[in-house]
Amino acid sequence: PAGVEHVLTMAATAIGADLLRRPESRLWSLGTGRGLLEDLQSGMESNLEFVHGQLEAAGLPIEDSVLHGFAIRLAGGSDFQLAANELESELRPLANCLIGVIRAPHPKLFGIFSYRHDVRGSFDLAQLRKIRSAACFDGALYLGPAARGLAQGQNSMNQAVAACDLGLNSRDELVHAAEYPLALLAHELRHEPTLQRLPQEQLSGILALDTRHRIEFLRVLEAYLASPTNRSQAASLSHLSRSVFYQRLTALEQLLEADLNDARTLTILTLSLLVYRQSHQEAS
């Protein structure tokens, strides 16, 4: 009498509720879990309360918990589900987690994990370093900053995904996205016309050179900006001898018509170079 559609809907709801009730179930990790994370990733402040309830039902505690967003690239040919199982097996003893997958611009797993100090004791993030050694992963595990509440958790996850997209310090095992605020700012505002013009305005002297010299001077500038207070270390990063590196720095100041000892100049050049690198990375 209730009708076939109503009976099937109630049955599906009961099955879904049972799967979500069992923490050991993996059936929703890349299905329902991915949908919830995508809702959170693109969600506005107005629907965070609704997503909050869904995440709690999916086994991710939010209240009285510390949240971290995370992201890690997948090695070529890796199976998404097997990689998610591998990541979950590493995280589960330490924290509850929800895992999703993003296929572009690089295939990666992403999500949020949460833990309570009073339940699991002190949590040492260094324990996560061994995750990247699994054959299915390629590069560092990126972590967003510790967060309280879903709004901060959303930001933490987005920072981790952005850092992973940019491949920041990918040779390390564990990368904290919050350590690269300028890179994340440039990524977030990369489509703003004013920011897109910045490299052309600030790096015009270098960009006007032929390809070989342009690449070399950009590399020297990048090395210097990575270590402006230690020129010996900067020379090492540039893979040039000290004498040649210092010659290039003098030429750089002339090309850019800038004082490379001025803090404000270094900040604007760092942002300009980040925007240039990111725009060319997307173009390639």
Side-chain angles (χ1 to χ4, degrees), residues 10 12-72 81 83-102 108-131 141-164 174-179 181 184 188:
M10 295 302 293
T13 301
I15 293 172
D18 183 59
L19 289 175
L20 291 175
R21 183 180 57 81
R22 292 180 285 165
E24 71 276 6
S25 175
R26 306 290 193 273
L27 297 180
W28 51 270
S29 292
L30 293 185
T32 304
R34 179 187 177 189
L36 293 177
L37 291 171
E38 288 177 345
D39 287 344
L40 179 61
Q41 201 175 22
S42 59
M44 303 298 289
E45 195 74 28
S46 58
N47 69 354
L48 282 183
E49 185 175 347
F50 177 67
V51 178
H52 180 289
Q54 290 182 305
L55 291 173
E56 289 268 7
L60 187 76
I62 305 296
E63 296 296 330
D64 302 319
S65 296
V66 180
L67 308 177
H68 277 278
F70 66 86
I72 187 168
Q81 187 64 65
N85 291 344
E86 176 73 27
L87 181 58
E88 189 175 29
S89 68
E90 294 290 344
L91 288 174
R92 275 295 177 189
L94 306 171
N96 294 298
C97 62
L98 196 60
I99 302 171
V101 60
I102 300 175
K108 68 181 72 65
L109 297 180
F110 80 110
I112 294 179
F113 65 83
S114 74
Y115 57 92
R116 293 189 177 106
H117 285 294
D118 58 338
V119 175
R120 300 179 183 271
S122 60
F123 185 85
D124 182 7
L125 293 175
Q127 298 175 80
L128 303 175
R129 290 185 176 277
K130 63 179 181 178
I131 288 177
L141 173 66
Y142 293 90
L143 290 183
R148 292 281 187 174
L150 196 52
Q152 289 185 16
Q154 179 187 42
N155 183 58
S156 177
M157 184 179 70
N158 289 338
Q159 284 192 36
V161 171
C164 187
L174 189 65
V175 175
H176 296 274
E179 295 178 2
L184 295 178
E188 185 175 354

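Position 1 is the first residue of the sequence, and the numbers go up from there.
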Do Ser156 side-chain atoms and Pro145 backbone N/O form a donor-acceptor pair below 3.5 Å? yes
Flag side-chain contact, heavy atom, 4.5 Å: Leu91 against Leu128: yes
Kindly indicate whether the side chain of Ile112, heavy atoms from C-beta on, has any atom under 4.5 Å from the side chain of Leu98. no
Is any side-chain heavy atom of Phe113 closer than 4.5 Å to one of Leu143? yes
Under 3.5 Å: donor-acceptor pair, side chain of Gln152, backbone of Arg148: yes
Nearest 0.5 angstrom please: Ser65 OG to Leu150 CG, how far? 11.5 Å
Could you tell me whether the side chain of Tyr142 reaches within less than 4.5 Å of the side chain of Gln159, counting heavy atoms only? no
Do the side chains of Phe70 and Leu87 get nearer than 4.5 Å, heavy atoms only? yes
Atom CD1 in Ile72, atom CZ in Phe110: separation rounded to 0.5 Å? 14.5 Å
If I compare all heavy atoms of Ser114 with all of Leu67, which pair ends up nearest, and what's the gap? CB-CD2, 3.2 Å
Donor on one side chain, acceptor on other, Gln81 and Asn85, under 3.5 Å: yes
So, for Leu184 and Ala162, which heavy atoms are closest and what is the spacing to 0.1 Å? CD2-CB, 3.8 Å
Closest contact, heavy atoms only, Ala163 versus Ala177: CB-CB, 3.8 Å
Determine whether Asp64 and Arg116 make a side-chain contact, defined as any pair of heavy atoms from C-beta on separated by less than 4.5 Å. yes
